[in-house]
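See below for the structure under consideration.
What you see is a predicted model, and the numbers here were worked out from it, not measured in a lab. Note on naming: letters A, B, ... go to the chains in the order of the sequence lines (proteins, then strands), and numbering restarts at 1 for each one.
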Amino acid sequence: MQPTSSMKEEFLKKWQMGLQIYRPLIDNTSVSERRKAIKLSADVAMASLRKGTTCWSRALIQKTATEDNFLVRQMLSGIKAETLINKKLPKVMCHRKIVRRSKMILRRRQSRSAIEEVAAKARKLIKKKTQGLRNVVPGGEFMSNDVLLIQETLDYIVSLQTQVNVMRSIVDAAEAGSER
Amino acid sequence: MDLTGAFGARSAAVGACREPPGLESLHLGGGDGGFTALLELPPTQAVELLHFTDPSPSSSQAAVAGIGLDVSPPPPPLHAYGALTFPSNAALMERAARFSVMANEQQNGNVSGETTTTSSVPSNSDRVKTEPGETDSSQRLENNRCGIGKRKELDKKVKGSTKKKSKSSEENEKLPYVHVRARRGQATDSHSLAERARREKINARMKLLQELVPGCDKIQGTALVLDEIINHVQSLQRQVEMLSMRLAAVNPRIDFNLDTLLASENCSLIDGSFNGTAMQLAWPHQVTETEQSFHHRQLQLQQPPQPQQWPYDGLNQPAWGREDDQGHGNEHNSLMAVSENLMVGSASLHPNQVKMEL
């Protein structure tokens, strides 16, 4: 699934809208602040494309809201902004030590066939990887099951791809322009 | 959407026998049904999925198409699991009815021609439709169990045909009931059925991910694929950082005003049909704010100037109006100069023409 041109256009429009908000500040800012502004508005634009239907988009919006609440409120049309910012994501509280200890106890009771051991190791490895994936995808910790995680990852990758494509074309244009 | 077309073409190419002609009329029900049918349904998840797949029908359709491409033995969609309380939604029930009917039809279809099953269709649908009134999950389970028992006999005949699988997956998409076929020699209690359905779901999604992430096709094994996916996501995130850094490092006026100018010419640029003409026409010269550069650009135009009104007048005016408020001195003036020149100088692409270039 590749990003479509309509997605790109929408993203661009929303991103521009976000950047407009920063316009009064440009003369006074350093490079890093500008970078932050660009990145934040791009992120919110990307997340708003999904209109709060996906977990990662909500988590991303909440994350940027902690950094720049004003921007988020402006960028999202009124109602959604309030609900998205204030909503608490259902957190899967998982006390790892307790879980690990109980698993160890269970394991001691199980039979130790060779096949099972291998399978158990494979499962552990996969669990580690999925945990890694949760760390990377915004809001991953809140996704309770693997199916949802993979779905969200799919959507997230597509959105990231659009974001990168659009940003890259703008950057190329800007740099080409400034060289003249 | 482009997506469905692409996937449809691909499945047609690869699948060969995949889709019986009757299925082509099957619309994939991008709206409500979404994944829910395809997936086993703990109801909360089903509801989530329903909402999730609503705006991104493309991904669900992709998933379905991707699943349809699967060559392995037919997926075991899980019927309503005993502990489930069925979401009291009439539309879903109807689809469930239709699906269980179709599922029966699948089993019988290959064996005894399709005409005979049509008669069973209305009776089944009636039976299933009366169920929501009772909301008796155990009874539903029994009905489904009987269905499964019958289906098990037809196991062997069904396994070979991929047609059915694609059909079931397509049907599944619309309906909340997902019926599992127990394979030969496999446990058939509900727990392992649920396990199996869940695993199949995950595998289907993983396949989609593999197709999405470049270079994942060759890799065997979930762990490595997950590694690749994580790397890909991290690299994309890093690219975003780099690009935003580059954009910020460029002349400060540009990164914030760039977009307003770009808005008028977004189509051709963004879609990466960034051939030389597009570049020259659209963009870079707008950024430099001197008349010289502007004339320079006009000279470079390879297309005859289009003598029509600036198509995005409405869009540009407010943007530049806003600039008025900000009062950014000379930058503003030069921008206005550029815009006026643009409007007059007919250096614009007609929007239709722009789209045709894509």
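Note: B:K201 NZ to A:Q151 CD = 9.0 Å, rounded to the nearest 0.5 Å. Atoms CD and NZ, from B:E228 and A:K129 in turn, are 10.5 Å apart once rounded to the nearest 0.5 Å. Rounded to the nearest 0.5 angstrom, A:I150 CD1 and B:L208 CG are separated by 9.5 Å. For the atom pair A:K39 NZ and B:M242 CE, the distance stands at 13.5 Å (nearest 0.5 Å). The CG atom of B:L247 sits 8.5 Å away from the CD atom of A:E175 when rounded to the nearest 0.5 Å. One finds the CG atom of A:L154 at 4.0 Å from the CG atom of B:L209 (value rounded to the nearest 0.5 Å).
A:V136 has its side chain within reach of B:Q237: a pair of non-hydrogen atoms, C-beta onward, lies under 4.5 Å apart.
With salt bridges taken as basic N to acidic carboxylate O contacts below 4.0 Å, one links A:D172 and B:R246. Using a 4.0 Å cut-off between a side-chain N of Lys or Arg and a carboxylate O of Asp or Glu, B:R198 and A:D146 qualify as a salt bridge.
Among B:D227, B:V213, B:T222, the residue with the largest count of heavy-atom pairs under 4.5 Å with chain A is B:D227. For the set A:R35, A:Q163, A:K36, the entry with the most heavy-atom pairs within less than 4.5 Å of chain B is A:R35.
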Item checked: B:L243 and A:I38: CA distance, side-chain angles, deciding distance, side-chain contact (heavy atoms from CB on, under 4.5 Å) verdict -> CA-CA 9 Å; B:L243 286 173; A:I38 290 173; over 6 Å; no
Notebook entry, point to check: Going through the distances and angles, do B:Q239 and A:R168 end up as a side-chain contact (heavy atoms from CB on, under 4.5 Å)?
Noted result: CA-CA 9 Å; B:Q239 278 181 41; A:R168 184 173 288 139; 2.7 Å; yes
Throw together a table of side-chain donor-acceptor distances under 3.5 angstrom for residues 118-127 of chain A, partners on residues two or more places apart or in other chains.
none

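Heavy atoms closer than 4.5 Å to chain B are found in both the backbone and the side chain of A:T130. Residue contact with chain B, scored on non-hydrogen atoms closer than 4.5 Å, involves the side chain of A:Y156 exclusively.
Nearest heavy-atom pair, A:I157 versus B:L212, reported as atom, atom and distance to 0.1 Å: CG2-CD2, 3.6 Å.
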